[in-house]
A.B. asks: 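This is the structure I want to talk about, given as structure tokens.
Worth knowing before you read on, the calculation uses all heavy atoms, side chains too, and leaves out hydrogens, waters and symmetry mates. The chain is numbered in sequence order, starting from 1.
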Amino acid sequence: MSSKTVIVKYKKEGNEFEILVDSELAYEYITGKRSDALKVLEVEEVFKDARKGDRQSEEHIRKAFGTTEIAKIAEIMLKHGEVPITTEQRNKLLEEKRKQIIEIIAKNSIDPRTNAPNPPLRIENAMREARVSIDPFKSGTEQIDDIVKKITIIMPIKFSTAKIEVTIPAEYSNRAFGTLKKYGLKSEQWLSNGSLQATLEFPAGMQTEFFDRINSATQGKAVVKVL
């Protein structure tokens, strides 16, 4: 094995499964920068003990994974198995996951006292104060519920959807239409004076961002109403 080769381990129904992967490519795969699990493999084999070169039986492989196709097996093992990473990679992965979680909460939540979006910095500080633990191998969405339960003790959070009606003057309608489509455009109606009236629905935490973008696209002449 080369210095870059590591063993990914997976256990199911009492049987051990191991694959040999390139450590850097495996890190790129679990962080979403690479999508082809097959390209991560050093050898297209599933082992019972990779160091000894003992291959796992086809019967056990099929029973555990429902297939003997190596690409699908590698995908499952990289997503759910034990993937060795360096301390530097782990710290980088934790930081990326923390930012992802903060972004999800900020975009989808509001402060129920003011109905204003929760600033990312406030969410980050609450997570630190609540001593939130982040799993670098789980997706951000999988961890949101548990994290929100912990930080609501420190800051009020409400997940909500914003429903917006916006009227765009005729001279800005074409320029603003692309912005509307990015923010959950539900319906559109062209008025007799050429103005565009549209209804939108998107995560409540994105209201400030939307107001800024639509005002920029219309030089502040859009008429916005929260429904």
A.B. asks: In terms of heavy-atom contacts, does NZ of Lys33 have more than 12 from other residues, nucleotides or ligands at under 6.0 Å?
C.D. replies: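 Count over threshold, so yes.
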
A.B. asks: Find out if a path of hydrophobic residues (ILVMFWY) with successive side-chain heavy-atom gaps under 4.5 Å connects Leu185 to Val226.
C.D. replies: yes

A.B. asks: Between Glu75, Met77, Lys12, which is the residue that forms a side chain to side chain contact (heavy atoms under 4.5 Å, CB included) with Phe65?
C.D. replies: Met77

A.B. asks: Can a side-chain donor-acceptor contact be found between Asn125 and Arg128 if the only test is distance below 3.5 angstrom?
C.D. replies: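 A donor-acceptor contact under 3.5 Å links the two side chains.
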
A.B. asks: Would you name the heavy atoms of Leu20 and Ala50 that are closest together and state the gap between them?
C.D. replies: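 Nearest heavy atoms, Leu20 then Ala50: CD2-CB, 3.8 Å.
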
A.B. asks: Looking at every heavy atom in both Ile157 and Ser109, which two are closest together, and how far apart are they?
C.D. replies: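 Closest heavy-atom pair between Ile157 and Ser109: CG2-CB, 3.6 Å.
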
A.B. asks: Given the rule that I, L, V, M, F, W and Y join up when any side-chain heavy atoms are under 4.5 Å apart, are Ile61 and Val21 in one cluster?
C.D. replies: yes

A.B. asks: Quick one: CG on Asn108 to CG on Asn118, what's the gap to the nearest 0.5 Å?
C.D. replies: 11.0 Å

A.B. asks: Measure the shortest side-chain to side-chain distance between Asp49 and Glu16 over non-hydrogen atoms and say whether it is less than 4.5 angstrom.
C.D. replies: no

A.B. asks: Is any side-chain heavy atom of Thr199 closer than 4.5 Å to a side-chain heavy atom of Lys163?
C.D. replies: no

A.B. asks: Kindly assign one of parallel, tilted or perpendicular to the pair Phe177 and Trp190, based on the angle between their ring planes and the thresholds 30° and 60°.
C.D. replies: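 Parallel.
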
A.B. asks: Is there a path of hydrophobic side-chain contacts, each under 4.5 Å between heavy atoms of I/L/V/M/F/W/Y residues, joining Val83 to Leu94?
C.D. replies: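 Leu94 does not cluster with Val83.
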
A.B. asks: Return the minimal non-hydrogen interatomic distance between Asp135 and Lys97, and the atom names on each side.
C.D. replies: O-CG, 4.0 Å

A.B. asks: Might you confirm whether atom CD of Glu58 has over 12 heavy atoms from other residues, nucleotides or ligands at distances under 6.0 Å?
C.D. replies: no

A.B. asks: Whether the side chain of Arg175 engages the backbone of Ala217 through a donor-acceptor N/O pair (distance < 3.5 Å, no angle test) should be reported.
C.D. replies: yes

A.B. asks: Just by modelled atom types, is the Ala170 backbone N or O under 3.5 Å from a matching donor or acceptor in the Ser173 side chain?
C.D. replies: yes

A.B. asks: Indicate the atoms forming the closest heavy-atom contact of Pro117 with Thr208, along with that distance.
C.D. replies: CG-OG1, 3.5 Å

A.B. asks: Looking at Ile110 and Ala204, what are the two nearest heavy atoms and their distance?
C.D. replies: CG2-CB, 3.4 Å

A.B. asks: Does the pair Glu96/Lys99 count as a salt bridge with the N-to-O cut at 4.0 Å?
C.D. replies: no

A.B. asks: Can you tell whether the side chains of Lys9 and Glu82 come within less than 4.0 Å, N to carboxylate O?
C.D. replies: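 A salt bridge is absent here (no side-chain N lies under 4.0 Å from a carboxylate O).
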
A.B. asks: Atom CD1 of Ile85 and atom CD1 of Ile30: how far apart are they, to the nearest 0.5 Å?
C.D. replies: 5.0 Å

A.B. asks: Same cluster for Ile70 and Leu25 if Ile/Leu/Val/Met/Phe/Trp/Tyr side chains link at under 4.5 Å?
C.D. replies: yes

A.B. asks: Check step by step if side chain to side chain contact (heavy atoms under 4.5 Å, CB included) holds for Ile151 and Ile105.
C.D. replies: CA-CA 11 Å; Ile151 66 176; Ile105 297 174; 4.2 Å; yes

A.B. asks: Decide yes or no for Arg55 and Phe47: does some side-chain heavy atom of the first lie under 4.5 Å from some side-chain heavy atom of the second?
C.D. replies: yes

A.B. asks: Could you check Ile168, Val223, Thr167 and say which one makes a side chain to side chain contact (heavy atoms under 4.5 Å, CB included) with Ser195?
C.D. replies: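 The side chain to side chain contact (heavy atoms under 4.5 Å, CB included) with Ser195 is passed solely by Thr167 among Ile168, Val223, Thr167.
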
A.B. asks: Let me confirm one number: the CD-CD distance from Glu44 to Glu69, rounded to the nearest 0.5 Å.
C.D. replies: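 The CD atom of Glu69 is 10.5 Å from CD of Glu44, to the nearest 0.5 Å.
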
A.B. asks: Quick check: do Ile214 and Leu180 have side-chain heavy atoms less than 4.5 Å from each other?
C.D. replies: yes

A.B. asks: So Val40 and Val8, do their side chains get closer than 4.5 Å, heavy atoms only?
C.D. replies: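 Val8 does not reach Val40 side chain to side chain.
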
A.B. asks: Between Lys107 and Phe202, is there a side-chain heavy-atom distance shorter than 4.5 Å?
C.D. replies: no

A.B. asks: Checking the side chain of Thr152 only, and the main-chain atoms of Val148 only, is there a donor and an acceptor separated by less than 3.5 Å?
C.D. replies: yes

A.B. asks: Between atom OG1 of Thr5 and atom CD of Glu42, what is the distance when rounded to the nearest 0.5 Å?
C.D. replies: 3.5 Å

A.B. asks: With a 4.5 Å cut-off on side-chain heavy atoms, are Tyr27 and Arg34 touching?
C.D. replies: no

A.B. asks: Hey, could you give me the CG/CD distance between Asn15 and Gln56, rounded to the nearest 0.5 Å?
C.D. replies: 5.5 Å

A.B. asks: Could you tell me if the side chain of Lys48 sits less than 4.5 Å from the side chain of His60, heavy atoms only?
C.D. replies: no

A.B. asks: Closest heavy-atom contact between Ile154 and Ala126?
C.D. replies: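 Result for this residue pair: CD1-O, 3.5 Å.
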
A.B. asks: May I ask whether Ile144 and Met206 are part of the same hydrophobic cluster, defined by side-chain heavy atoms of I, L, V, M, F, W, Y residues being less than 4.5 angstrom apart, directly or through others?
C.D. replies: no

A.B. asks: Would you compute the distance between atom CD of Glu24 and atom CD of Gln89 and round it to the nearest 0.5 angstrom?
C.D. replies: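 Result: 7.0 Å between the selected atoms.
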
A.B. asks: Whether the side chain of Lys150 engages the backbone of Arg131 through a donor-acceptor N/O pair (distance < 3.5 Å, no angle test) should be reported.
C.D. replies: no

A.B. asks: Under the criterion side chain to side chain contact (heavy atoms under 4.5 Å, CB included), I'd like the reasoning laid out for Lys39 against Tyr29: C-alpha separation, chi angles, the key distance, then a yes or no.
C.D. replies: CA-CA 10 Å; Lys39 295 287 181 66; Tyr29 183 86; over 6 Å; no

